[in-house]
Amino acid sequence: MTEPTTPASGMRDFLPRESMRRRRVFETIRDVYESYGFEPLETPSMERLSTLLGKYGEEEKLIFKVMKRGAKLSRALQQDDVDDEDLADLALRFDLTVPLARVVAEYPDEFPRFFKRYQIGPVWRADRPQKGRFREFYQCDVDVVGSESMTVEAEVTSALAEALDELGFANIRIHANHRQLLDAFMAVADVPDSKRKDALIAIDKVEKIGVEGVREEFDRRDLSESAWETLSPLLKWGDPEARPDVDDEALLDRLADQVGDQPDGEAALEDLRQLAELTEGMPAGDALFLDPSLARGLSYYTGPIFEIRSDDFQGSLGGGGRYDDLIGMFTNREIPACGFSLGVERILVLMEERNMFEEAPRPADVLVTLWDDDLASESAELARDLRASGLRVDLYPESDDGFGKQFGYADERNIPFVAILAPDELEEGVVGLKNMESGDQTDIERSRIVERLQQAVESL
RNA sequence: GUGGAUGUAGCUCAGCUGGUUAGAGCGCAGGUUUGUGGUACCUGAGGUCGUGGGUUCAAAUCCCAUCAUCCACCCCA
C-alpha cells in the first residue's frame with residue numbers, strides 16, 4: 001500500500017501563494033490590534049489536559065488529547081476501566097483564551113494593571129471538517145484583562161470592526177447579548193435549570209431555521225408552552241429585518257419591561273445600554289446590533305457576548321465576550337476579562353470566494369531585457385543603477401530567448417514595465433521603456449531612465 | 001460523534017447497463033512571428049481513473065475496506 005500524501009483530515013498544507021495571502025491577512029489584523037495598544041503573547045500549542053478540562057462545557061469532547069508516554073502510559077493501560085482521560089495527560093490547545101487565563105494566573109506581577117494582549121496562532125479541535133471548518137485553524141484574539149468597565153467591550157469590538165473593515169468586509173454586524181439577560185429571561189419564563197441549555201440552543205438557531213423552526217425545537221426539547229410565550233419575542237427582536245422601527249434604546253426599554261424586576265437582568269440591560277452609548281462614534285458603533293436571541297456555546301462567558309454576522313453569508317466570522325470567572329479558576333484572585341476571537345479561516349474562505357485579495361502581487365517593478373551575451377554587461381549595469389535607486393528590478397536570465405518570450409515573462413509575472421536595451425538603443429544612447437499595461441513604448445535617454453522609471457512606478 | 005454524496009489530466013468536468021491505444025474545455029509547452037507580451041490559428045506534452053483488495057475472460061465502470069473532500073445533524077471560528 002502506498003502511503004497517502006494528503007494532509008490528515010482537517011489539516012492543510014499552505015503553498016507559497018496561499019501562505020503569502022494568509023500572512024498578509026494576519027499582518028493586517030495585527031497592525032490594527034497594535035494600533036489599539038494590544039501586546040503580543042505566545043503560548044505553547046500543548047497544555048496540560050487538566051488545564052483545558054472543565055472550561056468549555058459540551059465542546060470538551062472535541063479536545064485533541066495527547067497520549068501519555070513510556071512508563072506512565074504502561075501503568076495507565078494496566079488499570080481496570082481505562083478511558084481516554086486516563087491515557088492522556090496533555091492536549092492541543094482548544095482556543096487562545098484559556099491559555100491566556102493560565103498565563104495571567106502564572107505571572108501575576110509581570111503584567112500591567114490592565115493587560116491588553118493579542119495572539120494569532122493555530123488551535124485544534126477534533127471536529128468533523130467542512131467548508132471553512134478545520135481541525136487545525138488560526139484564531140486572532142484580542143483580550144483585555146483587569147477591568148470590568150464596558151469601555152473594554154467597546155474597544156475590543158471596535159478593534160474587530162476596524163480589522164474587518166481593513167480587510168474589505170462591509171455590512172458586518174456585531175450581534176451583542178448578555179448572559180445574565182438570558183438567565184433573567186429564563187427565570188421569568190420559569191424554565192427549570194435543567195432545561196435552560198436546551199432553550200438557549202433552540203433560540204440561538206433562529207437565524208438558521210426561522211421562528212417556526214424554533215417553535216418545533218421547543219416542542220422537541222419538551223419546553224413548556226408558557227416558556228415559549230415568554231421567550232419567543234426574543235426571536236423577533238433578534239432579526240434585523242423584522243425590527244426596522246425599534247432602535248437600541250426602544251429595544252432595551254421593552255426588554256426592561258419583561259425582566260426589570262430581576263436584579264441580574266437589570267444589571268445586564270445597564271451594561272448593554274452603556275455599551276451602545278460608548279460605541280457611538282467608535283468603529284464598532286454602526287456595526288453593533290443588540291440581539292437578545294444570541295446565545296453562544298462556550299460556558300466560560302459571564303457577561304456581554306458577541307458574534308460577528310452579516311446578511312452576505314451564513315454563520316459567524318468570530319465571537320467573544322466577557323469571562324470574569326475564568327482566570328479565577330487558575331488562581332485565588334478574581335480577575336475580570338473580556339475578549340474577542342476572529343475566525344480567520346472563514347474570513348479567508350470568503351475572501352477567496354469573492355476575489356477580495358488585491359490584484360496579483362508584483363514581484364518586481366521592472367524587467368530589464370537581455371539581448372545577447374555581448375550586451376549582458378550593459379543590461380546588468382542598467383539593472384544595478386535602477387536597483388540603486390530603490391526600484392525592484394528583474395534581469396531576464398536567458399540571452400537565447402527572443403523579446404517575445406521576454407515580454408511574455410514580464411506579462412506572466414505581472415511586472416508593469418520593461419526596460420529594453422538592444423543594439424539600436426545602445427547606439428542612440430537610450431533605453432526603450434515599455435508600459436506593459438498600455439503597450440506604449442518610448443525611448444528615454446540612458447542618463448534619465450532611472451528618474452523616469454521612478455516616476456512611472458510611483459504613479460501606478 | 002451520527003447520517004449521506006463525491007474522488008477521472010495543473011483546474012472544471014464528460015465517460016450509458018463492465019469490452020480494444022481514457023476524452024473535452026481552460027491552463028501549460030513549442031511554432032506561425034530570429035526586436036515586442038496579453039488576440040487568432042497549428043502542433044504537442046501531461047492520467048497505473050484517490051489508495052488497497054475482491055468478483056470477472058475483461059473493471060474508471062460492480063463489491064468490500066481505507067484515505068480525503070463536501071453536505072446535513074451536533075456544535076462552532
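Labels below follow one simple rule: chain letters A, B, ... track the order of the sequence lines, proteins then strands, and each chain is numbered from 1.
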Enquirer: Kindly point out which of rC70(B), rA77(B), rA29(B) is positioned nearest to the side chain of R346(A)?
Expert: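 Minimum distance to the R346(A) side chain belongs to rA77(B).
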Enquirer: For rU20(B) and rC49(B), measure between their P atoms and round to the nearest Å.
Expert: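 Looking at atom P only, rU20(B) and rC49(B) are 15 Å apart.
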Enquirer: If you round to the nearest 0.5 Å, how far is OG of S316(A) from CD1 of I174(A)?
Expert: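 That separation rounds to 12.0 Å.
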Enquirer: For RNA chain B, determine which residues of residues 205-217 of chain A have any heavy atom closer than 4.0 angstrom to one of its atoms, and list them numerically.
Expert: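 The answer is K205(A), K208(A).
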Enquirer: Could you state the CD-P distance from E345(A) to rC70(B), rounded to the nearest angstrom?
Expert: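 Roughly 12 Å, once rounded to whole Å.
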Enquirer: CD of E42(A): more than 12 outside heavy atoms within 6.0 angstrom?
Expert: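 Incorrect, the count does not exceed 12.
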Enquirer: Can you tell me whether the side chain of R133(A) and the base of rC73(B) have a donor-acceptor pair closer than 3.5 Å?
Expert: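 No pair found.
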Enquirer: Just how far is it from atom NZ of K205(A) to atom CG of L200(A), taken to the nearest 0.5 Å?
Expert: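 K205(A) NZ to L200(A) CG: 12.5 Å, rounded to 0.5 Å.
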Enquirer: Atom CG of D95(A) to atom C1' of rA77(B): distance rounded to whole Å?
Expert: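 Interatomic distance, CG of D95(A) to C1' of rA77(B): 11 Å.
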Enquirer: Determine the interatomic distance between C1' on rC62(B) and the same-named atom on rG23(B); round to the nearest Å.
Expert: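 Nearest-Å result for rC62(B) against rG23(B) at atom C1': 23 Å.
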Enquirer: When every nucleotide of nucleotides 34-41 of chain B is labelled 5' to 3' by its protein contacts under 4.0 Å (heavy atoms), B for base, S for sugar-phosphate only, - for none, what sequence of letters results?
Expert: -BBBB---
Enquirer: According to the Watson-Crick and G-U wobble definitions, with both distances under 3.5 Å, which nucleotide is paired to rA9(B)?
Expert: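 When the pairing criteria are applied, nothing turns out to pair with rA9(B), so the answer is none.
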Enquirer: Within this structure, what is the CG-to-C1' distance between D127(A) and rU2(B), rounded to whole angstrom?
Expert: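 Atom CG in D127(A) sits about 13 Å away from atom C1' in rU2(B).
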Enquirer: Using the C1' atom as the reference point in each nucleotide, state the distance between rU6(B) and rC13(B) in Å, no decimals.
Expert: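 Looking at atom C1' only, rU6(B) and rC13(B) are 13 Å apart.
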Enquirer: Quick one: label G320(A) by what it contacts on the DNA or RNA (base, sugar-phosphate, nothing), any heavy atom closer than 4.0 Å.
Expert: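 Here G320(A) touches no strand at all.
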Enquirer: By the rule that syn is within 90° of 0, classify the base conformation of rG50(B) as syn or anti.
Expert: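 Base orientation relative to the sugar is anti.
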Enquirer: Is it the case that R125(A) places NZ or CZ above or below the six-membered ring of F94(A), under 6.0 angstrom from the centre and within 45 degrees of the axis?
Expert: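 Judged by the rule (NZ or CZ under 6.0 Å from the ring centre, within 45° of its axis), R125(A) counts as positioned above F94(A).
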Enquirer: Using both distances under 3.5 Å as the test, list the Watson-Crick or G-U wobble partner of rU20(B), or none.
Expert: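 Pair assignment: rU20(B) / none.
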Enquirer: Return no unless some side-chain N or O of Q130(A) is found under 4.0 Å from OP1 or OP2 of rC71(B).
Expert: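 For rC71(B), OP1 or OP2 has a side-chain N or O of Q130(A) closer than 4.0 Å.
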Enquirer: Does CD belonging to E58(A) count more than 12 external heavy atoms closer than 6.0 Å?
Expert: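 No.
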Enquirer: Could you work out the separation of rG4(B) and rG10(B) based on their C1' atoms and round it to a whole Å?
Expert: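 These two C1' atoms come out 30 Å apart once rounded.
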Enquirer: If you count every heavy atom of other residues, nucleotides or ligands that lies below 6.0 Å from E427(A) atom CD, does the total exceed 12?
Expert: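 For E427(A), atom CD is not crowded (no more than 12 foreign heavy atoms under 6.0 Å).
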Enquirer: Given 3.5 Å as the limit, does a donor-acceptor pair link the side chain of R322(A) with the main chain of P336(A), or not?
Expert: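 Not confirmed, R322(A) side chain does not pair with P336(A) backbone.
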Enquirer: Test the K116(A)-Y36(A) pair against the cation-pi criterion, namely NZ or CZ under 6.0 angstrom from the six-membered ring centroid and within 45° of the ring axis.
Expert: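 Judged by the rule, K116(A) and Y36(A) form no cation-pi pair.
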Enquirer: Report which part of the nucleic acid L317(A) touches: base, sugar-phosphate, or nothing (heavy-atom distance under 4.0 Å, all strands).
Expert: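 Touches sugar-phosphate only.
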Enquirer: Regarding E217(A) and R220(A), does a basic nitrogen lie under 4.0 Å from an acidic carboxylate oxygen?
Expert: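 Salt bridge flag = yes for R220(A) with E217(A).
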Enquirer: Using a heavy-atom cut-off of 4.0 Å across all strands, would you classify A8(A) as base, sugar-phosphate, or nothing?
Expert: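 Counting heavy atoms under 4.0 Å across all strands, the contact made by A8(A) is with sugar-phosphate only.
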Enquirer: Take atom P in rG53(B) and the same atom in rG1(B), then report the distance between them in whole Å.
Expert: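 Nearest-Å result for rG53(B) against rG1(B) at atom P: 27 Å.
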Enquirer: Which nucleotide, in any strand shown, forms a Watson-Crick or G-U wobble pair with rU66(B), with both distances under 3.5 Å?
Expert: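 Here rU66(B) is engaged in a pair, and the nucleotide opposite it is rG50(B).
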Enquirer: Could you please name the partner base of rU34(B), counting Watson-Crick and G-U wobble pairs only when both distances are under 3.5 Å?
Expert: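 rU34(B) is paired with nothing.
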Enquirer: Using atom P in both nucleotides, what's the gap between rA22(B) and rA5(B) to the nearest angstrom?
Expert: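 Looking at atom P only, rA22(B) and rA5(B) are 30 Å apart.
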Enquirer: Please name the nucleotide paired to rC73(B) by Watson-Crick or G-U wobble geometry with both distances under 3.5 Å, or report none.
Expert: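 The answer is rG1(B), by the H-bond criterion.
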Enquirer: So what does Y138(A) hit on the nucleic acid, given a heavy-atom distance under 4.0 Å: a base, only sugar-phosphate, or nothing?
Expert: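 Since no nucleic acid heavy atom lies under 4.0 Å of Y138(A), the category is nothing.
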Enquirer: Distance between the C1' atoms of rU8(B) and rG31(B), in whole angstroms?
Expert: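 Per the computed distance, 31 Å lies between those C1' atoms.
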Enquirer: Say you draw a straight line from OG of S45(A) to CH2 of W124(A); how long is it, rounded to the nearest 0.5 Å?
Expert: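 One finds 4.5 Å between OG of S45(A) and CH2 of W124(A).
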Enquirer: What integer distance in Å separates D13(A):CG from rA68(B):P?
Expert: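 Distance check: D13(A) CG to rA68(B) P gives 13 Å.
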Enquirer: Need the pair for rG27(B). Rule: Watson-Crick or G-U wobble, both distances under 3.5 Å, any strand; none if unpaired.
Expert: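 For rG27(B), the partner nucleotide comes out as none, under the 3.5 Å rule.
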Enquirer: Here's a test of your reading of the structure: between E58(A) and R128(A), which maps to the more 5' nucleotide of RNA chain B?
Expert: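 The answer here is R128(A).
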Enquirer: For the C1' atoms, the ones on rC28(B) and on rU12(B), what distance do you get once it is rounded to whole angstrom?
Expert: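 That atom pair is separated by 16 Å.
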Enquirer: Less than 4.0 Å between a side-chain N and a carboxylate O, is that true for K405(A) and D411(A)?
Expert: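 The answer is no: the pair does not qualify as a salt bridge.
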Enquirer: Please report, rounded to the nearest Å, how far the C1' atom of rC76(B) is from the CD1 atom of I63(A).
Expert: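 Checked: the CD1 to C1' distance equals 14 Å.
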Enquirer: Ignoring the backbone of T6(A), work out which of rC67(B), rU69(B), rA77(B) is nearest its side chain.
Expert: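 When the side chain of T6(A) is considered, rC67(B) is the closest of rC67(B), rU69(B), rA77(B).
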Enquirer: Check the angle between the aromatic planes of F218(A) and W228(A) and answer parallel, tilted or perpendicular using the 30° and 60° thresholds.
Expert: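 Judged by the thresholds at 30° and 60°, the geometry between F218(A) and W228(A) is perpendicular.
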